[in-house]
Participant: 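This is the structure I want to talk about, given as structure tokens.
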Amino acid sequence: MRNVSEVFDAGEGVEVELRGWVWRKRSHGRLLFIDLRDSTGVIQVAVNAGRVGPESFEEASKASRESSVLVRGIIAHDPRAPGGVEVRCTYFKTIGQSLDDFPIRKGVTSRVLYDNRHLYLRSPRVTAVMRIRSNLIWAVHEFFRSRGFVEIDCPTLVTAAVEGGATLFEVNYFGKKVYLTQSVQFYQEAAIYSLERVYSIQPSFRAEKSRTTRHLTEFWHVEAEMAYAGFEDLLKTIEELVRYIVIRVDELSKKELRTLGRRIRTEEVEGPFPRITYAEALDILRRHGVDAEWGIDIGADEEKIISGEFEKPVFLTHFPKKLKAFYHKPDPSNREVTLSADLLAPRGNGEIVGSGVRIDDYEELRSRILEEGLRPEDYYWYLDLRKYGSVPHAGFGMGVERVLKWILDLPHVRMAAPFPRTPTRIQP
RNA sequence: GGGCCCGUAGCUCAGAGGUAGAGCGCCCGGCUGUUAACCGGAAGGUCGUGGGUUCGAAUCCCACCGGGCCCGCCA
């Protein structure tokens, strides 16, 4: 019997030894209650001066919040205890005393919480989110592995942008200017010529000073690329991935969801996800009184209106060429729009996936690079891929923290990252 | 890059021209069934920084610094 979780499942009268940290303490003089926290949960320990030796009682009295302690005692089922179970202490020893100014307390602002993220990480609710995040990553691996995808690790230091617009973090590389990656897409495109179907789970970096509840400057990016895939294959894969991970995370995280008091709305991913084209989206916006001319960007306000029409994630497809990066393949039936799709999460949670069919023809890709005012020599190896046995292919990227924000109803993506990076926060 | 807002005790905030306040936390004392325990007491501040107006500035004005929210950009 080594952890809190096991104690809740064990029977009355069993002797137990626990190691953990003092989460809260309530003293009644000769009786004190300690809420003991370990990696699996929190349980009340009752330290009664009449039942433990004087040395143990003295240690328990002096143990401050967050002290690490060793406790031995007897399991008792008692309705007065939180959760109905407590440990009646027979022996208490402090392993590491804590200073008396532990900064994580009820009522502090998010600034204090994130300035002390290294300590805030100990809170049961944060622990639960981190376990759910781990389950989500696990589910992503399960999904891709079961479908013949190979995981590939791509470089973080790169020389050119993938996205035209997004800003890159500059790094001094032995005197040469290089950048932190925004996406591993180009490297994955190189890899499909041998592995055919690849995926990666890596950090991506965006130097935008985006101070919103859905932006981090460093975020974890699930990306995949598939040889021979067309538009339909692409949307089908994204939909099945999102459905799989939501249902699987729910299965794997029952206990953590109880700790958070959250329910994952698995009904949101049942059945096919609605698909609407950019042109149809404009119609919806006009019905809501938005002056939606062809070519306008679908911003946060527009996304909220559109996703508000549906209760499931919704694909927004066929964006105009000029709104998308140069590598997006035009729709053969209307070359002004691209075979691209963004997935908008329900309840105003915004874009969680960006995807598209890639241009596979050398000349077409080269002329698009020139049209965007970019230099083909910067993309020499990316262009090479279209010279030697090019194949149709498509891929997508999904933001891990954004998915967690959506399914757990988090107010901010920073809650989904252990040590979030934002424009104003780089420590801890 | 654009717009709005906030910096007063360790934390959360009130005070909006007249000599610095509360709650929580810490510390001390009390308490054998608490659930963010409770009760009593004590300590704790050049009011973000610099300048200006005024008999007098936490309070009004200017600049700077730090932070938050929304938008743009995106996942």
Side-chain angles (χ1 to χ4, degrees), chain A residues 23-35 42-52 57 61 64-65 76 78-84 86 88 98-116 123 161-168 182-185 201-223 238 242 296-304 319 323-325 342-345 349-355 396-406 411-414 416-417 422-425:
Chain A
W23 176 239
R24 288 202 177 94
K25 194 167 90 173
R26 295 172 292 282
S27 168
H28 295 255
R30 302 290 289 163
L31 170 67
L32 46 99
F33 297 104
I34 286 171
D35 293 338
V42 177
I43 193 161
Q44 173 166 289
V45 175
V47 187
N48 189 322
R51 295 188 191 180
V52 295
F57 191 79
S61 299
S64 49
R65 215 176 146 216
D78 189 322
R80 295 170 299 181
E86 68 178 13
R88 304 241 164 100
S98 171
L99 297 180
D100 55 30
D101 58 352
F102 194 71
I104 307 304
R105 279 189 291 273
K106 270 274 158 52
V108 298
T109 53
S110 63
R111 170 150 186 222
V112 175
L113 257 22
Y114 288 93
D115 281 349
N116 294 286
S123 301
V162 172
E163 313 292 339
T167 324
L168 295 140
Q182 299 171 304
S183 165
V184 299
Q185 178 194 325
I201 309 176
Q202 300 189 214
S204 281
F205 303 86
R206 303 284 161 90
E208 295 287 347
K209 288 185 180 171
S210 306
R211 311 216 308 178
T212 78
T213 57
R214 59 189 188 285
H215 284 86
L216 296 172
T217 51
E218 176 177 1
F219 68 95
W220 277 69
H221 210 171
V222 172
E223 291 179 271
I238 295 167
V242 171
I296 65 151
D297 213 340
I298 305 289
D301 295 338
E302 291 80 13
E303 281 182 0
K304 285 192 184 90
F319 281 89
L323 292 181
K324 285 289 167 182
D342 288 353
L343 187 67
L344 306 184
N349 278 291
E351 187 179 346
I352 52 170
V353 175
S355 75
F396 65 91
M398 179 178 83
V400 168
E401 292 83 4
R402 285 190 178 180
V403 171
L404 285 164
K405 175 181 182 288
W406 161 43
H412 198 299
V413 282
R414 70 184 165 211
T422 64
T424 53
R425 168 157 280 109

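No hydrogens, no waters, no symmetry mates; every other heavy atom, side chains included, goes into these values.
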Participant: Among rU34(B), rA36(B), rU12(B), which nucleotide has an atom closest to any side-chain atom of V112(A)?
Facilitator: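 Closest of the options to the side chain of V112(A): rU12(B).
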Participant: May I ask you to verify whether the side chain of E86(A) and the base of rG33(B) hold a donor-acceptor pair under 3.5 Å?
Facilitator: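 Side chain to base: pair found, below 3.5 Å.
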Participant: For a quick check of understanding: with a heavy-atom distance under 4.0 Å over all strands, which category does D297(A) fall into, base, sugar-phosphate or nothing?
Facilitator: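 Touches sugar-phosphate only.
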Participant: Would you please confirm or rule out a distance under 4.0 Å between OP1 or OP2 of rC71(B) and any side-chain N or O of K304(A)?
Facilitator: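 Affirmative; the distance criterion is met.
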Participant: So, OP1 or OP2 of rG25(B): does either fall under 4.0 Å of a side-chain N or O from R24(A)?
Facilitator: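 No, no such contact exists.
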Participant: Please give the distance between the P atoms of rG23(B) and rA9(B) as a whole number of Å.
Facilitator: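 To the nearest whole Å, 16 Å.
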Participant: Please list, pair by pair, any protein nitrogen or oxygen found under 3.5 Å from a nitrogen or oxygen in nucleotides 27-31 of chain B.
Facilitator:
unit_1: rC31(B); atom_1: N3; unit_2: S27(A); atom_2: O; d: 3.4
unit_1: rC31(B); atom_1: N3; unit_2: G29(A); atom_2: N; d: 3.2
unit_1: rC31(B); atom_1: N4; unit_2: S27(A); atom_2: OG; d: 3.3
unit_1: rC31(B); atom_1: N4; unit_2: G29(A); atom_2: N; d: 3.2

Participant: Considering non-hydrogen atoms only, spot the tightest contact between E302(A) and I298(A) and give its length.
Facilitator: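 For E302(A) versus I298(A), the nearest heavy atoms are CB-CG2, 3.8 Å.
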Participant: CZ of F396(A) versus P of rA75(B): gap in Å, rounded?
Facilitator: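 To the nearest whole Å, that distance equals 13 Å.
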Participant: Could you please name the option among rU12(B), rC70(B), rA75(B) that lies closest to any side-chain atom of T109(A)?
Facilitator: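 Of rU12(B), rC70(B), rA75(B), rU12(B) is nearest to the side chain of T109(A).
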Participant: For atom P, what is the distance between rG21(B) and rA42(B), given to the nearest Å?
Facilitator: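 Per the computed distance, 15 Å lies between those P atoms.
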Participant: Out of rG66(B), rC74(B), rC13(B), which has the shortest distance to the side chain of R206(A)?
Facilitator: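 It is rC74(B).
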Participant: Could you grab the distance from atom NE2 of H28(A) to atom CZ of F33(A), nearest 0.5 Å is fine?
Facilitator: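 The distance works out to 5.0 Å.
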Participant: Reckon V353(A) touches a base, only the sugar-phosphate, or nothing at all at heavy-atom distances under 4.0 Å?
Facilitator: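 Touches sugar-phosphate only.
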Participant: With sequence neighbours left out, write down each residue that passes salt bridge (Lys or Arg N to Asp or Glu O under 4.0 Å) with R51(A), or none if nothing qualifies.
Facilitator: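 None.
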Participant: To the nearest Å, give me how far apart NE2 (H412(A)) and C1' (rG68(B)) are.
Facilitator: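 That distance rounds to 10 Å.
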Participant: Examine R30(A) relative to F57(A) and say whether NZ or CZ is less than 6.0 Å from the centre of the six-membered ring and inside a 45° cone about the ring axis.
Facilitator: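 Yes, R30(A) lies over the aromatic ring of F57(A).
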Participant: Using a heavy-atom cut-off of 4.0 Å across all strands, would you classify S110(A) as base, sugar-phosphate, or nothing?
Facilitator: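 Here S110(A) touches no strand at all.
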Participant: Whole Å only: how far is the NZ atom of K209(A) from the C1' atom of rC71(B)?
Facilitator: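 Roughly 16 Å, once rounded to whole Å.
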Participant: For rC64(B) and rG2(B), measure between their P atoms and round to the nearest Å.
Facilitator: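 Straight-line distance between the two P atoms is 14 Å.
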Participant: Mind checking what makes ring pair (Phe, Tyr, Trp, His ring centres under 6.0 Å) contact with F396(A), not counting sequence neighbours?
Facilitator: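 In terms of ring pair (Phe, Tyr, Trp, His ring centres under 6.0 Å), with neighbours along the sequence ignored, F396(A) is linked to no residue.
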Participant: Using modelled atom types only, decide if a donor and an acceptor are shared between the side chain of R111(A) and the backbone of V108(A) within a distance under 3.5 Å.
Facilitator: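 Not a single qualifying donor-acceptor pair exists.
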Participant: With both distances kept under 3.5 Å, what pairs with rC38(B), Watson-Crick or G-U wobble?
Facilitator: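 Check on rC38(B): paired to rG30(B), both distances under 3.5 Å.
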Participant: Distance check needed: rC74(B) P versus E223(A) CD, whole Å only.
Facilitator: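 E223(A) atom CD is separated from rC74(B) atom P by 15 Å.
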Participant: Tell me what G350(A) touches on the nucleic acid: a base, only sugar-phosphate, or nothing, going by heavy atoms under 4.0 Å.
Facilitator: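 Result for G350(A) = nothing.
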Participant: Determine the Euclidean distance between corresponding C1' atoms of rG41(B) and rU8(B); express it in Å to zero decimal places.
Facilitator: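 Approximately 25 Å lies between the C1' atom of rU8(B) and that of rG41(B).
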Participant: For F33(A) and rA36(B), what is the distance between atoms CZ and P respectively, to the nearest whole Å?
Facilitator: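 Between P of rA36(B) and CZ of F33(A): 13 Å.
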Participant: Checking contacts here: which listed nucleotide (rG33(B), rU34(B), rG72(B)) is nearest the side-chain heavy atoms of D78(A)?
Facilitator: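 So the side chain of D78(A) is nearest to rG33(B).
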Participant: Mark yes or no for a side-chain to base donor-acceptor pair under 3.5 Å between R211(A) and rG68(B), with no hydrogen or angle criteria applied.
Facilitator: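 By the distance-only test, yes, there is a pair.
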Participant: At their closest point, which heavy atom of S355(A) faces which heavy atom of D342(A), and how far apart are they?
Facilitator: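 Smallest heavy-atom distance, with atoms named: N-OD1, 4.2 Å.
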Participant: Quote, to the nearest angstrom, the P distance that separates rA75(B) from rA14(B).
Facilitator: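 Here rA75(B) and rA14(B) have their P atoms 40 Å from each other.
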Participant: How do R26(A) and G397(A) order along RNA chain B: which one's closest nucleotide is nearer the 5' end?
Facilitator: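 Final value for this comparison: R26(A).
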Participant: With rounding to whole Å, what would you report as the distance between rC24(B) and rC39(B) at their C1' atoms?
Facilitator: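 After rounding to an integer number of Å, I get 16 Å for this pair.
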Participant: Determine whether the aromatic ring of F219(A) stacks with the base of rA75(B), defined as ring centroids separated by less than 5.5 Å and ring planes inclined by less than 30°.
Facilitator: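 Base of rA75(B): stacked against F219(A).
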Participant: Using whole Å, report how far CD of E303(A) lies from C1' of rG72(B).
Facilitator: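 Distance, rounded to whole Å: 12 Å.
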Participant: Please determine, for rA22(B), whether a Watson-Crick or G-U wobble partner exists with both distances under 3.5 Å, and give it or none.
Facilitator: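 Answer to the pairing question: rU12(B), which forms a Watson-Crick or G-U pair with rA22(B).
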Participant: Could you tell me which nucleotide pairs with rA63(B) by Watson-Crick or G-U wobble geometry, both distances under 3.5 Å, or answer none if nothing does?
Facilitator: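 WC or wobble partner is rU49(B).
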Participant: Which part of the nucleic acid does R65(A) contact within heavy-atom distance under 4.0 Å: base, sugar-phosphate only, or nothing?
Facilitator: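 No contact.
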Participant: Testing the 3.5 Å rule here: is there a donor-acceptor pair between the side chains of Q44(A) and R80(A)?
Facilitator: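 Checked: Q44(A)/R80(A) side chains show no N/O donor-acceptor pair below 3.5 Å.
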Participant: Can you check the distance between rG18(B) and rC60(B), where both ends of the measurement are the C1' atom (answer in whole Å)?
Facilitator: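 To the nearest whole Å, 15 Å.
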Participant: Under a 3.5 Å cut-off for both distances, is rA58(B) Watson-Crick or wobble paired, and to whom?
Facilitator: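 Per the H-bond distance test, none.
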Participant: Check if the side chain of S210(A) and the base of rC73(B) share a donor-acceptor pair of N or O atoms closer than 3.5 Å.
Facilitator: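 Side chain to base: pair found, below 3.5 Å.
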Participant: Nearest 0.5 Å, please: how far is CD in E223(A) from CE in M398(A)?
Facilitator: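 Reported value, rounded in 0.5 Å steps: 10.5 Å.
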Participant: Calculate the interatomic distance between I298(A) atom CD1 and rC71(B) atom P; express it in whole Å.
Facilitator: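 Rounded to the whole Å, the gap is 15 Å.
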Participant: Consider the side chain of Q44(A), meaning its heavy atoms from C-beta on, and name the nucleotide among rG67(B), rC70(B), rG33(B) that approaches it most closely.
Facilitator: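 When the side chain of Q44(A) is considered, rG33(B) is the closest of rG67(B), rC70(B), rG33(B).
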Participant: For Y114(A), does the six-membered ring have the charged nitrogen or CZ of R425(A) within the cation-pi criterion, i.e. under 6.0 angstrom from the centroid and within 45° of the normal?
Facilitator: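 No; the conditions do not both hold, so R425(A) does not lie above the ring face of Y114(A).
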Participant: What's the spacing between D35(A) CG and R26(A) CZ if we round to 0.5 Å?
Facilitator: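 Rounded to the nearest 0.5 Å, the CG-CZ separation comes to 4.0 Å.
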Participant: Would rA16(B) be called syn or anti, given that syn covers angles within 90° of 0?
Facilitator: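 Syn.
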Participant: When you match P103(A) and R111(A) each to their closest nucleotide on RNA chain B, which lands nearer the 5' end?
Facilitator: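 It is P103(A) whose nearest nucleotide is closer to the 5' end.
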Participant: What is the separation between atom CG on L323(A) and atom P on rG72(B), rounded to the nearest whole Å?
Facilitator: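 Nearest whole value for this atom pair: 13 Å.
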Participant: Please confirm whether the shortest side-chain N or O distance from T424(A) to OP1 or OP2 of rG68(B) is below 4.0 Å.
Facilitator: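 Yes, because at least one side-chain N or O of T424(A) sits under 4.0 Å from OP1 or OP2 of rG68(B).
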Participant: Distance alone, cut at 3.5 Å: any donor-acceptor contact between the side chains of E208(A) and T167(A)?
Facilitator: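 Short answer, yes.
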Participant: Give one of base, sugar-phosphate or nothing for L216(A), where a contact means two heavy atoms less than 4.0 Å apart.
Facilitator: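 Base, at least one base atom sits under 4.0 Å.
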Participant: When we call it a touch if two heavy atoms are under 4.0 Å apart, what does E401(A) touch: a base, just sugar-phosphate, or nothing?
Facilitator: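 The residue E401(A) makes no contact with any strand.
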Participant: For rC26(B), does the base pair up with any side-chain atom of R105(A) as donor and acceptor (N or O, under 3.5 Å, distance only)?
Facilitator: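 Answer no: no donor N or O sits under 3.5 Å from an acceptor.
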Participant: Let's test this: given Watson-Crick or G-U wobble pairing with both distances under 3.5 Å, identify the partner of rC73(B).
Facilitator: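 With both distances under 3.5 Å required, rC73(B) matches none.
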Participant: Can you check the distance between rA22(B) and rG51(B), where both ends of the measurement are the C1' atom (answer in whole Å)?
Facilitator: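 To the nearest whole Å, 33 Å.
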